[in-house]
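Input: a single structure, listed below in structure tokens.
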Amino acid sequence: MSRTSSPDDDHVYLSLAEGHEDGDARWAFGTGFEDPLHGVSAALPPGIDGRALAAQCLALADDALVSAQRLGEWCTRAPELEIELALANIGLDLIGQARLLYSRTGQVDGTGRSEDAYAYFRDAAEFRNVRLAELPNGDFAFSITRLLALSAWRLALFERLAGAPDPVLSAIAAKGVKELAYHRQFAAEWAVRLGDGTDESHRRMQRALYHVAPYVPELFASLDDADHTRDGDGDAVSAIQDDVLAVLRQVTATAGLVLPPLDSPADAAGYGRAGHHTEHLSPLLAELQSVARAHPGAVW
Amino acid sequence: MVHTGGVAERTVGRELVAVHAQQQQFDETIARDQRIEPRDWMPDGYRSTLVRQIAQHAHSEIIGMQPEGEWITRAPSLRRKAILYAKVQDEAGHGLYLYSAAETLGADRADLTLRLIEGRQKYSSIFNYPTPTFADVGVIGWFVDGAAICNQVPLCRCSYGPYARAMVRICKEESFHQRQGYELLLTMMRGTEAQRRMVQGAVDRWWWPSLMMFGPPDGDSPNSVRSMAWKIKRHSNDELRQRFVDMTVPQAQRLGVTLPDPELRWNGERGRHDFGTPDWSELQRVISGDGPCNEERIARRRAAHQEGAWVREAATAYAAKQAARQGERQKQEVAA
Amino acid sequence: MTTNADTEARDAWPLFEVFVRGKRGLNHVHVGSLHAADERMALTNARDLYTRRNEGVSIWVVRSSHIHASTPSEKDPFFAPSGDKVYRHPTFYEIPDDVPHI
């Protein structure tokens, strides 16, 4: 690519497009979006309980938002630049899922609220995320272990929700499945690298498993009739649990790690799905919501 | 050509001729505005200047993640949160493209990282300023990415192939960065009084440091001459600075903010804007480590690198174990 | 006493060159390099670094040390931008037409 330098690259973007021999504009700005909800009617199909659907979407949105917030805290702190990129990709996927799910919630819960109304103007007691998502990041081993559990669970759930009766939720889940498969793969590969790496990384992974394990039963207890397709309700719940446990067993075995028992009864303190959270959610939301709440009514 | 005979002299003679021919080919490639590629012969000074320039550019992208990255968790709408997260992720990617380009010249990324952390290599002074409000995120997109684009578009035609190609990719992504910043500011300026004040405050703080991004005045820039001869710098500092001002003034007018320079005015005769003189002593101080956030920026990078060592080591150890296992399996297959 | 340099050697990830085929019918094109501990990580890292704006059809990674080169003639790599990550695309931002140079 040789051309004489122009003395005044006045419109910098035009000059970017110049000088490429092949006419095919493969750097076409802004073309070819794929909107997962393209062509999907927003109307609530008959026979679906709008409030139950809203509660389900809200909870899944909260899971995604809180998880993304924790991932965002790794920004500029990741162990290697390539890992920065990977964690940001995962965080962005989850924010995308949260936005779609919050929007659906507002459409079907009768309030017409916006995604930001849910994200920024609810208090901790109104959030419905599972508690595993709100725990502080800890070290990289903890974050990877948490990501493995959450992504395996969410993937198994979304695979079934791709057949949900609500077409919007179904479309969101279908898109999410592709993203979550990547998240789970990333987490699994790192869990194995760390579990079967050095003595130190093995020790940290084992410790992470012991810290994550108590919060895993809540993931399964959070599944209820609304979380899967209408046919074979009880079977679907245990199928999800089996999927997740199989993944965790396979990964920990490959990594040479001990998988702590995960069948302990639910923590008496209650679940995130009922609005019962650890002390970590309030400070997380305080930070997340600080600027928005300082300027009520402002548009950004 | 030396004709004194003897094997040693003839060898030296041949080498001198070879180098001379290579220098000539190098010079001609540059003169024809063509690219020098990694395996081409190049003068040592060209290689070392490029490594330093590319490395500093890469370090700037990575350090530049910090002033904006700290706002991801507090972005006041989900859309802005996603946009900012994507932008900061791009910056990590840009750093990686640039380290990759530097490595084609024989540099080692781990070594470059150490130099940054130990203060032996620099990064753009602009990232040593704090971002106290969310409006700063928008202004950084508008000014800092705008200035970077001014600097970088000409570099898409720099003489070193891998650097030029990295710049093409980076520039295309950077256009998104500037637009998102400007759009945020437009939205805020149409918003509440508090938002408008926030924008003007950020503009007041970032204008002069942005002008300083282009480096000292041409007269105080001795390395520029050689870099321009080698076409690894395509325009002078002052030219780029002037271009940035001329581009930005009408954008500021459209936005409804005031640029904090009482001497800024259109000069009809020159066909450009006249503007005041930056405080070059401030640039000097900030470059030498005495800016508001220098310590903090390096400390954060150093902490991430050091605290992440066990992770990187684990990955290396695992890879070695896997390679050994594969070796064992292959041996067994052969034996069977 | 381990110096910084010793630590770096223990955790150094080798360099890989990355080749991407952007769509069917095209060749793989060299797009740059990255560091990874192993081939599997290199592929994942390449997806994140070089195909964020589009799912490339195919990615190849090769350890740089395994490449034997003459003087390569390289074609500049291009890559069409991504499908649904809409905020990466400049035209997504509604900036009035009369704002110059943006």
Between B:Arg74 and A:Ser290, do the side chains contain a donor N or O and an acceptor N or O under 3.5 Å apart?
no
Evaluate the side-chain proximity of A:Asp139 to B:Trp310: yes if any heavy-atom separation is below 4.5 Å, no if none is.
yes
Region of B:Leu96 in contact with chain A, defined by heavy-atom distances below 4.5 Å
side chain
Measure B:Met189 against the heavy atoms of chain A and call it side chain, backbone, both or neither at under 4.5 Å.
neither
Could you tell me which portion of B:Glu307 (side chain, backbone, both or neither) has an atom closer than 4.5 angstrom to a non-hydrogen atom of chain A?
neither
SB check B:Arg109 A:Glu82 (cutoff 4.0 Å):
yes
Quick one: closest heavy-atom pair of A:Leu92 and B:Ala86, and the distance?
CD1-CA, 3.8 Å
Considering only heavy atoms and a distance below 4.5 Å, find which of B:Thr73, B:Thr187, B:Ile72 pairs most often with chain A.
B:Thr73
Ignoring hydrogens and angles, tell me if any N or O in the side chain of B:Arg312 forms a donor-acceptor pair with the backbone of A:Glu80 under 3.5 Å.
no
Salt bridge present between A:Asp116 and B:Lys81 (N-O < 4.0 angstrom):
no
Contact between A:Thr198 and B:Tyr318 at the side-chain level, heavy atoms closer than 4.5 Å - yes or no?
no
Please classify the contact of B:Ile62 with chain A as side chain, backbone, both or neither, using a heavy-atom distance under 4.5 Å.
side chain
Proximal component of B:Ala303, with respect to chain A [non-hydrogen, under 4.5 Å]:
neither
